[in-house]
Amino acid sequence: MTPALLGNLSVALALAFSLLGLALALLAYLQGDGRFLKGAKALASLTLLSALAAFVALEWALLTHDFSLAYVARNHALQDPLWVTLVTPWAALEGSLLLWGLLQTLYTFVASRKPLDPWRASLVLAVLFGVQVFFFGVMATIASPFQTLPNPPANGTGPNPLLQNHWMMAVHPVLMYLGFVGLSVPFAYAVAAMVTRRYQSWVEETRWWTLIAWGFLTAGKVAGMWWSYEVLGWGGYWAWDPVENASFVPWLLATAFLHTAIVQQTRGAFKAWNFAFVTLAFSATVLGTFLTRSGVIQSVHAFAEGPVGPAFLGFFLLSTALGLGLLSRVSREVRDVAVFHPFSREGALLLGAFFFSGWALVVLLGTFYPLLVEAFSGAKVSVGAPFFNQVSAPIGAGILLLMGVGPLLPWRRPRKEVFRNLYLLLSALALGTLLGLLRGYTLGASLAVGLFLYNTLAVALLFAEGVRARRLAGLSPWSFLENRRRVGSLLVHFAVALMALAIAFSQTYRLEAEKTLYRGQAWEVAGVRMAFQGVRALDEGRRFAVEALLRTDRFGEVRPRLHFYPQMNSPLPSPKVIYTPGNDYYFLLMDFDREKGEWASVRLIVTPMVFWIWVAGVLMALGTLYILWPASRPEAAREVSPA
Ligand code: HEM
């Protein structure tokens, strides 16, 4: 047995089992025969095992340096460290598809174990098997990770150096895929709900899945921002790169869905919106993959040109047509008949969903516009960060305003006390903005301070309200913590406000200075004094590293590096970042004296509050985990809620 044989066999089996599962699930639905459903469920386990075997085969080939596989020859080298080898399956197109397929089979397996009536269970499985057929079909035909070479090389080139320059490579893609793939389950439930015309319960049944997928997407995005900050050497975390945009769009749509689903759960409204958002969120993940895998854009994420792009485009069109087609069929039955008061919780949630989806649309248009212009006229245009920043600032501010007031509003119509809370919130907004202006901050940064105070006060008011309601009911105030959704979402909302503040400050106030220093020469910038003590070269096997030795008064010795990879013409900077709650100090080695090491060009970027972006990311993850954690007494959790 060779890795190629095991891999090809496993992919073929996974495809065959998925096809069979799809057929059995459809038969189970059409014939109403439980035996077919049982068979489909058994096939969910078999596809998982086959996908696992294929993944093991790829790891086996990488660990044994089997360069007879084209994937291994192109993406692995003998000198790669173990951790790089282990994460190489998702360093390029075919391996990423395999990881995607594996995670898809995992989700399908777990979904097949959830109790559900046989009709919807069959349809859910049919959709999930359908998705699997696409992925394993692509792997079995146009993008096989197990294609062999007639003349294997003695050594390979190794993965793209940008991907092996930081351990985040082991984390960020997996989190993203877990999020992307996770959205397929609520989509499958939505399809089943529309086909069986049972419109209400699916949002409650899929809440767990949506939160899991959303949580992974959020964590993946923040991890990606940190990776970009640490690895790309430009001192920023978000560049409005088309690929960042492509994964931001499903995140925005999933956030919209998370909120409109709450309205359906509580008031039975927004059914049509939920079907639309869940379809668009899922198909946006496929569209994003088309963008990265088709070769239409060039970026660190864009793997290859080839037939995979059109396949993804076709799959995107198919899944969108399925979801929206079914929605148009049932639209009369799921239409909202009630009119919503704008000052009600559902009013704020719907308006918020418009903001999220409007933002998604703007980002999508900005990302696709250059591609469309080039396709039709051949002209090269670019839509850069200034455009995205300009449109995102007002939308983001609108979301922050709604986020504070929304959860304080009661369902249906406002009560008198709401206006008292509203005055308090607006006072906090005005006070924060004024304080910012008095401190000499720009209007944008001052507004960000105001919005942070506004949202922090909203969180405090909601917390106090929850505790008071428990007290009035004769319960321990601490029992408020049992209302997991309320407490967790307060933490997430606070984290969003904190992140917005940190983004506003880090984008507005950034100091960048560069100087060529000779050995022994000192330089003082932004309150940091550093002396250049020379350079040191290190042969690390797969790469050659040069580090500048800088003695600083505040942080001791600091060693920014340049990494030279044999596959790259120019070196990759490896910055040394000193994180502090106030400012980040980002040291970069730009160039050095290659003959005697007598001089080095050093850049220092000082950016405020970046540290809090990562703290906010962790708080968001913790808030989501808190919501997901099973309640010890679920029935007590919501009983005494103020609203
Ligand atoms: C939950 C409102 C923005 C993440 C909630 C809840 C409301 C709400 C009313 C339910 C709380 C409860 O049941 O006690 C809003 C409004 C927003 C907004 C009006 C602005 C348009 C955001 C943003 C995020 C976020 C920007 C994250 C990036 C969450 C999460 C939950 C939640 C994770 C918990 C959902 C669940 O448990 O199903 N939000 N929110 N929200 N919100 Fe927001």
Side-chain angles (χ1 to χ4, degrees), residues 179 186 203-222 248 250-267 270 274 277-278 340 342-360 392 395-411 418 425 451 454-455 458-459 461-463 465-466 469 480-500 503 613 616-617 619-629 631 634 637-638 640-643:
V203 275
E204 179 66 46
E205 287 153 0
T206 56
R207 177 166 170 255
W208 185 83
W209 295 98
T210 313
L211 265 172
I212 287 263
W214 182 86
F216 278 127
L217 266 187
T218 308
K221 285 256 86 181
V222 178
F248 189 41
W251 181 84
L252 285 169
L253 293 167
T255 313
F257 172 58
L258 206 63
H259 288 89
T260 47
I262 294 173
V263 183
Q264 185 170 341
Q265 267 177 272
T266 318
R267 287 213 49 207
F270 295 0
N274 285 327
F277 282 138
V278 82
F340 303 109
F343 267 109
S344 63
R345 193 176 298 179
E346 54 272 48
L349 286 167
L350 185 61
L351 195 56
F354 286 153
F355 271 89
F356 285 120
S357 46
W359 200 358
S392 299
I395 299 177
I399 288 176
L400 288 171
L401 276 174
L402 283 167
M403 190 174 76
V405 75
L408 277 164
L409 293 172
W411 296 107
V418 166
L425 291 186
L451 282 167
Y454 165 94
N455 274 293
V459 167
L461 286 173
L462 279 160
F463 205 88
E465 213 172 80
F480 173 57
L481 296 180
E482 287 168 16
N483 188 345
R484 294 193 167 267
R485 170 182 278 176
R486 177 58 60 94
V487 176
S489 62
L490 288 184
L491 188 54
V492 174
H493 286 175
F494 172 75
V496 172
L498 178 62
M499 188 178 276
I503 289 175
I613 294 179
L619 290 181
M620 278 188 204
L622 289 178
T624 313
L625 261 181
Y626 191 81
I627 300 173
L628 285 167
W629 208 263
R638 284 200 205 149
V640 192
S641 200

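For ligands, and for the atoms within them, numbers begin at 1 and follow the listed sequence. Bear in mind the structure is a predicted one, so any value in this text is a computation, not a measurement.
- Expressed to the nearest 0.5 Å, how far CG of N483 lies from CD1 of I627 amounts to 10.0 Å.
- Under 4.0 Å from ligand 1, not a single heavy atom of T624 appears.
- Between R486 and ligand 1, a contact under 3.5 Å exists for at least one N or O pair.
- Each of the atoms 1 (C), 5 (C), 6 (C), 10 (C) of ligand 1 lies under 4.0 Å from some heavy atom of I262.
- The shortest contact between atom 19 (C) of ligand 1 and any protein heavy atom is with L402 O, 3.3 Å.
- Taking 4.5 Å as the limit, some side-chain heavy atom of M499 sits within range of a side-chain heavy atom of V222.
- Annotation for ligand 1: atoms under 4.0 Å from non-hydrogen atoms of R345 are 9 (C).
- Under 4.0 angstrom from ligand 1, the non-hydrogen atoms of L211 all belong to its side chain.
- Residues satisfying the side chain to side chain contact (heavy atoms under 4.5 Å, CB included) criterion with T218, sequence neighbours excluded, are W214, W251, M620.
- The closest non-hydrogen atom to atom 13 (O) of ligand 1, taken over M499, R485, E346, comes from R485.
- Taking distances strictly below 2.8 Å, the protein N/O/S atoms close to atom 43 (Fe) of ligand 1 are H259 NE2, H493 NE2.
- A search for side chain to side chain contact (heavy atoms under 4.5 Å, CB included) contacts involving L491 returns L619, L622, not counting sequence neighbours.
- A donor-acceptor pair under 3.5 Å is formed between the side chain of N455 and the backbone N or O of L400.
- Near I627, with a cut-off below 4.0 Å to any heavy atom, the atoms of ligand 1 are 34 (C), 37 (O).
- Remark: A348 engages L402, L409 in a side chain to side chain contact (heavy atoms under 4.5 Å, CB included) (not counting sequence neighbours).
- The CD atom of E204 lies 9.0 Å from the OG1 atom of T266; values are rounded to the nearest 0.5 Å.
- Across all non-hydrogen atoms, the minimal contact from W411 to S344 is C-CB, 4.4 Å.
- Counting only heavy atoms from C-beta outward, the side chains of F270 and I262 never approach each other to under 4.5 Å.
- Between L253 and S357 there is a side-chain heavy-atom pair separated by less than 4.5 Å.
- Two residues are said to be in side-chain contact when any heavy atoms from C-beta on lie closer than 4.5 Å; V496 and I399 fail this criterion.
- When each atom of ligand 1 is checked for a heavy atom of W214 under 4.0 Å away, the hits are 27 (C), 28 (C), 33 (C).
- In terms of protein heavy-atom proximity, atom 26 (C) of ligand 1 is closest to F356 CZ, 3.6 Å.
- Nearest protein heavy-atom neighbour of atom 37 (O) of ligand 1: R207 NH2, 2.5 Å.
- Here the closest heavy-atom approach between residue A497 and residue M403 is recorded as N-CE, 4.0 Å.
- In this structure, W251 has a heavy atom closer than 4.0 Å to ligand 1.
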